[in-house]
Amino acid sequence: MNSAAQSREPLRWTITTQLPVAYEIVETPGLLDPANPELLSLPGGATGTETRLVVLDHSVSDLYGERIRAYFDANDVPVTYLSMPGDEESKSIGNVLDVVAKLNEVGTNRLSNPPIVIGGGVLADVVGLAASLYRRGIPYIRVPTTLLGQVDVSVAAKTGINFGGYRNRLGSYSPPPRTLIDREFLATVPRRQIRNGMGEIFKMALIKDLRLFELLEEHGADLIEARFQASGGGPLPAGVPDEVIGRAIAGMAEELQPNLWEKDLRRSVDYGHSFSPLVEMRALPELLHGEAVAMDCVFSAVLAAQRGLIDEAVLERIIAAAVRLGLRPSHPLFCDVDLLTEALADTVRHRDGKQHLPILTRIGEVCFLDDLSVPEIASAADRMGRLLGPAAVPVAAGRLG
C-alpha cells in the first residue's frame, strides 16, 4: 500500500434525524358499549374495515369475551381472536412468536389494521414486543384491564419479556399510539390483583406525591374493597378513585416524558425496582410484580433511615401504609444478603456501571446514591427479617423458587 493511501483521512458520514413521538391515554367509561367508537378508532382518527387481531388474556376472555365479540359484530368489524395466558411466567419469546404468527395469518398491514391487546400488563408487554418486531414495527392499541396496567403500563413506552432468569431482559421502546382505560374492568379483578396495582401507586406516592400518599393512608383499604368503582354511599368518598388513578397516571407521565428513552439513567421511577426484579424472578410464582415492588420500597426506605435521610417515624409510617394496603412489607428473599447483593450488581449493569439508587429524603422526594455498601445491605436485610414476624423463614432454609 502506498504512503498516499495510508495517509488519507477516512471518509465519515453522520446522519442526524428526529422522530416525533406522541401517544395518547384515553379514559373512556363504557368502552365495550357498541355505541362507543374509541375501540374502533385508528391512530390519527382514521377508521378501517380490514380484519383486526384482538389478543385477550384468558381471564378477560372468560369474563368479557362475549361482550367483546358482540361489540365488533355490532360494528361489522371482522376480527380474529387469540387468547393467551397473562401470568409473569408467560412473558416469553415463544408467546411473542405466537402473536407474530397470528399477525401473519390475519394479513396485518403496516399501519391500517393494528392489533388490539386487551388484558393485563404481561400480555401488553408480549403483544407490544411482537408489534415492535413485526415489519420492523407496527402500531397497536392497548387496553389495560388490571389496576397495575392502568396506572403504570398505560403510560410506559417500554415492552419486555423475561429471559435467562431475568425480568424484562429483552424488550423495546415502542409505545402504542393509543391506550384506552375503562375503570369498569377493575370491578371483576381479584382483590389481590388490585393490591398488586397498589404497589406501583404506593411507589409513585413515595417518590413525588405526598397528597397521593395521604389518600392511600386514609382510603387505600376502601379503594381495594370497592375495586376503584364509584362510591355507592359507602365509606369511600366520591371522587377519590378518580383522584388516586389520575394522580398516579399524571405523576408517571411527568416523570417519563422528559426521559422517555432513558438516556438519563438517574430515574426516580426506578424506586422500588433496584432489588425487586431479581427477587420477583427467584420467587416466581409466589410474588406478583407490585407486591415485590412494595417490598423494595420498604427496603429502600430502611436504607434511607439507616443513612439518616428519613427518621424512624417516617419509616414506620411507610411500613404501616403498606400493611394497610394489604401489601406484605417483607419476604425471606429480602433477608438474603447474597441475593440482594447480586440483585444490585445486575441493576448496576442495567444502569451502565452506576448504582443511581433512588432513596427517599422525605415522602414525595428522592435523592440518588452511588455508594451503597454490602454492610448497609446486610443491616437493612436484618431489619427486613424483623418485619417478617415470628413466623419468619430462616435464610438458611434455602431460597424460594
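The chain is numbered in sequence order, starting from 1. FYI, side chains are in, hydrogens and waters are out, and symmetry mates aren't considered; it's all heavy atoms of this structure.
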Validation row: [X], [Y] side chains within 4.5 angstrom (heavy atoms):
| X | Y | answer |
| --- | --- | --- |
| Gln229 | Pro241 | no |
| His350 | His273 | no |
| His356 | Asp270 | no |
| His331 | Leu287 | yes |
| Arg351 | Ser274 | yes |
| Arg178 | Val26 | yes |
| Ser112 | Glu50 | yes |
| Arg317 | Glu217 | yes |

Measure from the side-chain N and O atoms of [X] to the backbone N and O of [Y], and report whether any donor-acceptor pair falls under 3.5 Å.
| X | Y | value |
| --- | --- | --- |
| Glu376 | Ser373 | yes |
| Asp125 | Ile161 | no |
| Ser90 | Gly86 | no |
| Ser132 | Leu129 | yes |
| Arg142 | Val153 | yes |
| Arg227 | Val189 | yes |
| Gln306 | Ala380 | yes |
| Asp57 | Gly119 | no |
| Asp152 | Leu148 | no |
| Asn168 | Asn162 | no |

Nearest atoms (heavy-atom pairs only) where [X] meets [Y]:
| X | Y | result |
| --- | --- | --- |
| Pro175 | Val21 | CG-CG1, 4.2 Å |
| Leu236 | Val240 | CD1-CG1, 3.9 Å |
| Thr146 | Gly121 | OG1-N, 4.2 Å |
| Val151 | Ile201 | CG2-CG1, 3.8 Å |
| Leu123 | Ile118 | CD2-O, 4.0 Å |
| Leu82 | Asp98 | CD2-O, 4.4 Å |

For the [atom1] atom of [X] and the [atom2] atom of [Y], what is their distance to the nearest 0.5 Å?
| X | Y | atom1 | atom2 | result |
| --- | --- | --- | --- | --- |
| Arg135 | Leu111 | CZ | CG | 10.5 Å |
| Leu212 | Ile245 | CG | CD1 | 11.0 Å |
| Leu327 | Glu291 | CG | CD | 7.0 Å |
| Asp296 | Met384 | CG | CE | 8.0 Å |
| Cys297 | Leu360 | SG | CG | 8.0 Å |
| Tyr140 | Ile116 | OH | CD1 | 13.5 Å |

Does a salt bridge link [X] with [Y], judged by any charged N lying under 4.0 Å from a carboxylate O?
| X | Y | answer |
| --- | --- | --- |
| Arg383 | Glu316 | yes |
| Arg307 | Asp371 | yes |
| Lys91 | Glu280 | no |

Flag for Ser59-Asp62: side-chain donor and acceptor within less than 3.5 Å: no
Pair Glu38, Thr28: side-chain N/O donor-acceptor within cut-off below 3.5 Å: no
Test log, rule salt bridge (charged side-chain N to carboxylate O under 4.0 Å, His left out), inputs Asp346 and Arg169: CA-CA 11 Å; Asp346 189 63; Arg169 187 46 50 96; 2.8 Å; yes
Stepwise salt bridge (charged side-chain N to carboxylate O under 4.0 Å, His left out) test for Glu214 and Arg247: CA-CA 12 Å; Glu214 291 169 343; Arg247 295 184 82 93; over 6 Å; no
Pairs touching residues 169-218 that satisfy ring-ring contact (aromatic ring centres under 6.0 Å, His included), sequence neighbours left out: Tyr64-Phe185, Tyr173-Trp261
Over 12 non-hydrogen atoms of neighbours within 6.0 angstrom of CD in Glu312: yes
Atom CG of Asp352: over 12 foreign heavy atoms under 6.0 Å: no
Steps toward side chain to side chain contact (heavy atoms under 4.5 Å, CB included) verdict (Val143, Val60): CA-CA 11 Å; Val143 182; Val60 169; over 6 Å; no
Side chain to side chain contact (heavy atoms under 4.5 Å, CB included) assessment of Glu200 paired with Lys203: CA-CA 5 Å; Glu200 287 287 357; Lys203 173 206 77 175; 3.1 Å; yes
With sequence neighbours excluded, residues passing side chain to side chain donor-acceptor pair (under 3.5 Å) with Arg67: none
Which residues share a side chain to side chain donor-acceptor pair (under 3.5 Å) with Asp382, sequence neighbours left out: Arg386
Full working for side chain to side chain contact (heavy atoms under 4.5 Å, CB included) between Ile194 and Phe228: CA-CA 9 Å; Ile194 298 291; Phe228 279 81; 4.1 Å; yes
Derivation and outcome, side chain to side chain contact (heavy atoms under 4.5 Å, CB included), residues Tyr71 and Val77: CA-CA 9 Å; Tyr71 176 93; Val77 176; over 6 Å; no
Face-on cation placement of Arg69 at Tyr81 ring, 6.0 Å and 45° thresholds: yes
Aromatic ring pairing Phe299/Phe275, orientation class (parallel under 30°, perpendicular over 60°, tilted between): perpendicular
Arg328/Glu286 under salt bridge (charged side-chain N to carboxylate O under 4.0 Å, His left out): CA gap, chis, key distance, verdict: CA-CA 12 Å; Arg328 291 156 57 193; Glu286 181 187 355; 3.7 Å; yes
